[in-house]
Amino acid sequence: SSTPQWLESWTPAGGARRVRTLFSQAFDGDTPDGVWFAPGRVNLIGEHTDYNAGLCLPTALPHRTYVALRAREDGVVRLVSAQTPHEPWEAKLSDVEPGSVSGWGSYVAGVAWALAAAGHEVRGFDAAVDSCVPFGAGLSSSASLEAAFAVAVDDVDELGLAATDAGRADLVDACRRAENEIAGAPTGGLDQSASLRCAEGQALLLDFRPGLSAVESGRPVPFDPSTAGLELLVIDTRAPHALVDGQYGARRASCEQAVDLLGLENLREITPDGLEAALAELAPHDADGILTRRVRHVVTETERTARFVDLVSRGLVAEVGPLMTASHASLRDDYEVSCRELDLVVDTAMAAGAVGARMTGGGFGGSAIALVPRDDVERVANAVSRAFADAGLPSPAFLAAPPSAGAGSV
Ligand code: ADP
Ligand code: MG
């Protein structure tokens, strides 16, 4: 059918009720010390810029992972999740190290391991997890899982990190290390920063230039589409991510090759005004034009992100649409990371009244976003659902995404 499927977010009370019930079922009627949550995220603009010392602009979803947790004194971690009901997980914290654990609990135990490695005293715990962040949709369910545990452990073990932005930057680092070194998934910190450092009605401008402190590299930016009568929609295409790993590596390699040929440290050193000269310098080494297209995307994407931030900082939210759509065209034509489903969402949403739309995340599937006048939301969702049905594609899922709070306690 082509009726739009909405993926509703839970209220904090609803999320807390779920994990408290799951906790008492899994752990003999016990009650947890508390309930904590952390959101998934979506990137508004600035794609494939993180590993190029550029800018990006994530915002937190109202869709969150919830955790009910109770500390233990024996250093054991026991976990259950409503999303993996047949995979309860258990380990001793002292046994956790790179290569020693696997499965979904490695994201969680990895956070405790990284905090301990940073010199904090961390106890074991029993915990129950439930989440309305879809897995593998490019909305960072993994970072929301890590961040929910980071603030829970921070609270029960009285680390005091979640109380300040500088402390949250330390929690980001622990979550990033957990995912890289214990779960074994490469990630640059964008997702964890968004989940831990975003706030309601805001986006987070992340600057990946080397040499900035963690606090300097993240700056809140006001972003509230409702003030302009707009809504932010996220559309999970549910497209299978084919060939993503190789494609991602190939894009990074092209960027590194261009940096080497130009004798630079990173592509951020190319200013928008210097782009033509840089491309001319690359041309003799770039018969197929690939380096030209990749570099052009990276340089113009950081410039678009800066312009987006400038507009929303001046209260001109309704004017960012063309920057989003230009970002999509650049990702599709120059960076070549879009796919049929993502292009179909963007083209259909724009034709049905969106003021801007683009793929978000790494590409080749995952999700798209659209900024839509409030009164056109149903029409856009209907049009996208119908277009997918007509094309014989699986139904996409829609998420309403007002910029929401970062990780905290319920
Ligand atoms: P995403 O884009 O959603 O972050 P990832 O592949 O990075 O996709 O992370 C998804 C993985 O994170 C899942 O396969 C699972 O191992 C783990 N995960 C995330 N949320 C949960 C949860 N609520 N319960 C159990 N595991 C989870
Ligand atoms: Mg992830």
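Atoms within each ligand, like the ligands themselves, are counted from 1 in listed order. Counting begins at 1 with the first residue of the sequence.
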S144 versus S195, closest heavy-atom pair with distance: CA-OG, 3.8 Å
Test: R18 cationic atom under 6.0 Å from W10 six-membered ring centre, within 45° of axis: yes
Min heavy-atom dist G138 to ligand 1 below 4.0 Å: yes
Residues D376, R379: salt bridge by 4.0 Å N-O rule: yes
From CA spacing to verdict: side chain to side chain contact (heavy atoms under 4.5 Å, CB included), R304, S327: CA-CA 7 Å; R304 280 185 290 273; S327 168; 3.9 Å; yes
T65 to ligand 1, any heavy atom closer than 4.0 Å: no
Check: T65/S131 side-chain N/O donor and acceptor closer than 3.5 Å: yes
Note: D207-R219 ion pair, threshold 4.0 Å (strictly below): no
Per-atom contact, atom 7 (O) of ligand 1, protein heavy atoms, under 4.0 angstrom: yes
Distance-only N or O hit between ligand 1 and T84, under 3.5 Å: no
Per-residue contact class, S131 against ligand 1 - non-hydrogen pairs under 4.0 Å: side chain
Electrostatic pair D165:R168 at N-O distance under 4.0 angstrom: no
Part of P134 within contact of ligand 1 (heavy atoms, under 4.0 Å): backbone
Heavy-atom nearest neighbour of atom 1 (P) of ligand 1 within options G103, S141, G362: S141
Which residue and heavy atom of the protein sit nearest atom 15 (C) of ligand 1, plus the separation: F135 CE2, 3.9 Å
Contacting atoms of ligand 1, where contact means under 4.0 angstrom from a heavy atom of S81: 22 (C), 23 (N), 24 (N), 25 (C)
Taking atom 26 (N) of ligand 1 as the reference point, the nearest protein heavy atom with its distance: W104 CB, 3.5 Å
Heavy-atom nearest neighbour in the protein, as seen from atom 17 (C) of ligand 1, with distance rounded to 0.1 Å: Y107 CE1, 3.8 Å
R314/D310 salt bridge by N-O under 4.0 Å criterion: yes
Protein heavy atom at shortest distance from atom 9 (O) of ligand 1: S142 CB, 3.3 Å
Salt-bridge present (E336, R251; N to O < 4.0 Å): no
Residue S142, metal the Mg ion (ligand 2), N/O/S under 2.8 Å: yes
Numbered atoms and elements of ligand 1 in range of V129, under 4.0 angstrom, heavy atoms: 23 (N)
Q83 N/O under 3.5 Å from ligand 1 N/O: yes
R72 versus F125, closest heavy-atom pair with distance: CD-C, 3.7 Å
Any N/O pair G136/ligand 1 closer than 3.5 Å: yes
